[in-house]
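Just so we're clear, the structure is a prediction, and the values are computed from it rather than from any experiment.
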Amino acid sequence: MTQLSPARKPAAQPAGHGTALYGGTRSRRITVRDIAAAKERGEKWPMLTAYDAMTGSVFDDAGIPVLLVGDSMGNCHLGYESTVPVTMDEITLLSAAVVRGTQRALIVADLPFGAYQEGPVQALRSATRLVKEAGVGAVKLEGGERSAHQVELLVSAGIPVMAHIGLTPQSVNAFGGYPVQGRGEEAAQQLLRDAKAVQGAGAFSVVLEAVPAELAAEVTRSLHIPTVGIGAGPDCDAQVLVWTDMAGLTAGRVPRFVKQYLALRELLGGAAKEFADEVVGGSFPAEEHTFH
Ligand code: KIV
């Protein structure tokens, strides 16, 4: 079986400015200071989710500067129906794997549902675990004004925080699904207040999920921290996709904001069938796969 070698050479990065987040020549891990500098330069950057060492290493080699060990692992990796059941033990285990598989990307881990809602002290306990046990460089939590106290305590303790506002999937039961957020004047004003609240509390970036493009553009212009869009139009500072959606591994319908860059489900299924046919037909293993 192919191994992830700890001595893996950093892959050649696409040509670009030396300090660029994507396409730069930096050989150390990306930090939140690099993220802040990218906003000052007006540079856009990509983020993908990762849930294991192997895919983490693929995306790291591709030069993706920020990898999110998202609680989307609930739907995409662990077989749950939503992100709600994901536990601290699960996120800690998979975050540690992604950290081990990567050398350059900033690894951000989600605080799962129930791991920070009790208040700042619970949030600090959970985030500290992810930083100490898994080795992540930052954590992400959902909520704007309602989570600002949590963000403030984590940041004052030295833990960088990415906030997540708009459609916050951990609130699926309250939303009654995954509707677009920020529509209408009042909701738009609330989104702006949420964005300002997490920036004021010290978050280094904020995910905007499923909000109208015009509103996301306005939030992006009014913040000095970068916005990371998912279903939030082209004017955010960064864009994130769930990797299984992006690669076409997800079964069934994907949200409208997803672009599928590969048909991985079809490719993988095809390979599995070819293997099965050859085993049943007796052509695998062949001479070159056989010891004598
Ligand atoms: O868990 C996740 O993957 C996320 C992204 C969709 C931003 O929160």
Side-chain angles (χ1 to χ4, degrees), residues 2 11 13-14 16 21-23 44-83 86 94 97-98 101-102 105-110 140 142 162 164 166-170 172 175 177-182 205 207-214 216-217 220 226-276:
T2 309
Q13 300 297 325
L21 283 185
Y22 173 69
K44 292 197 176 203
W45 47 274
M47 175 164 108
L48 281 174
T49 64
Y51 314 113
D52 63 77
M54 194 75 79
T55 43
S57 79
V58 171
F59 301 147
D60 200 39
D61 284 353
I64 304 297
V66 186
L67 293 176
L68 172 66
V69 189
D71 59 359
S72 51
M73 69 173 60
N75 321 56
C76 305
H77 197 72
L78 298 174
Y80 299 136
E81 284 202 352
S82 74
T83 61
V86 175
L94 301 194
V98 174
T102 55
L106 170 66
I107 310 302
V108 182
D110 255 330
K140 177 166 85 56
E142 294 186 3
M162 176 180 278
H164 183 159
L167 174 57
T168 46
Q170 291 175 8
V172 58
F175 287 142
Y178 300 97
V180 173
Q181 300 294 302
S205 60
V207 170
L208 305 180
E209 179 163 355
V211 297
E214 298 73 18
T220 302
T227 56
V228 185
I230 175 161
D235 294 318
C236 295
D237 298 295
Q239 296 288 333
V240 56
L241 283 178
V242 167
W243 91 259
T244 48
D245 291 346
M246 179 279 298
L249 183 59
T250 306
R253 260 193 65 221
V254 290
R256 169 169 165 203
F257 57 73
V258 170
K259 178 168 176 182
Q260 295 193 302
Y261 289 82
L262 189 68
L264 187 55
R265 192 172 184 84
E266 223 174 286
L267 288 172
L268 210 49
K273 279 190 186 141
E274 209 175 314
F275 163 68

Quick one: [atom1] on [X] to [atom2] on [Y], what's the gap to the nearest 0.5 Å?
X      : Y      : atom1 : atom2 : result
His77  : Leu249 : NE2   : CG    : 10.5 Å
Gln239 : Met47  : CD    : CE    : 10.5 Å
Asp110 : Asp71  : CG    : CG    : 4.0 Å

Could you tell me if the side chain of [Y] sits less than 4.5 Å from the side chain of [X], heavy atoms only?
X      : Y      : result
Phe257 : Val180 : no
Pro179 : Leu167 : yes
Tyr178 : Pro255 : no
Leu48  : Ile64  : yes

Indicate the atoms forming the closest heavy-atom contact of [X] with [Y], along with that distance.
X      : Y      : answer
Arg265 : Ala251 : CZ-CB, 3.5 Å
Thr49  : Phe59  : O-CE1, 3.5 Å
Val86  : Gly74  : CG2-CA, 3.5 Å
Met162 : Val207 : SD-CG2, 3.9 Å
Met54  : Asp52  : N-OD1, 2.9 Å
Ala213 : Pro234 : CB-CD, 4.3 Å

Checklist entry - Can you name the one residue among Asp235, Asp237, Thr227 that meets side-chain hydrogen bond (donor to acceptor under 3.5 Å, both in side chains) with Thr220? => result Thr227
Item to check | The single option from Leu94, Leu78, Leu67, Leu68 passing side chain to side chain contact (heavy atoms under 4.5 Å, CB included) against Tyr51 | outcome: Leu94
Item to check | Whether Glu142 side chain and Gln170 backbone form a donor-acceptor pair below 3.5 Å | outcome: yes
Item to check | Crowding at CZ, Phe175 (>12 non-hydrogen neighbours, <6.0 Å) | outcome: yes
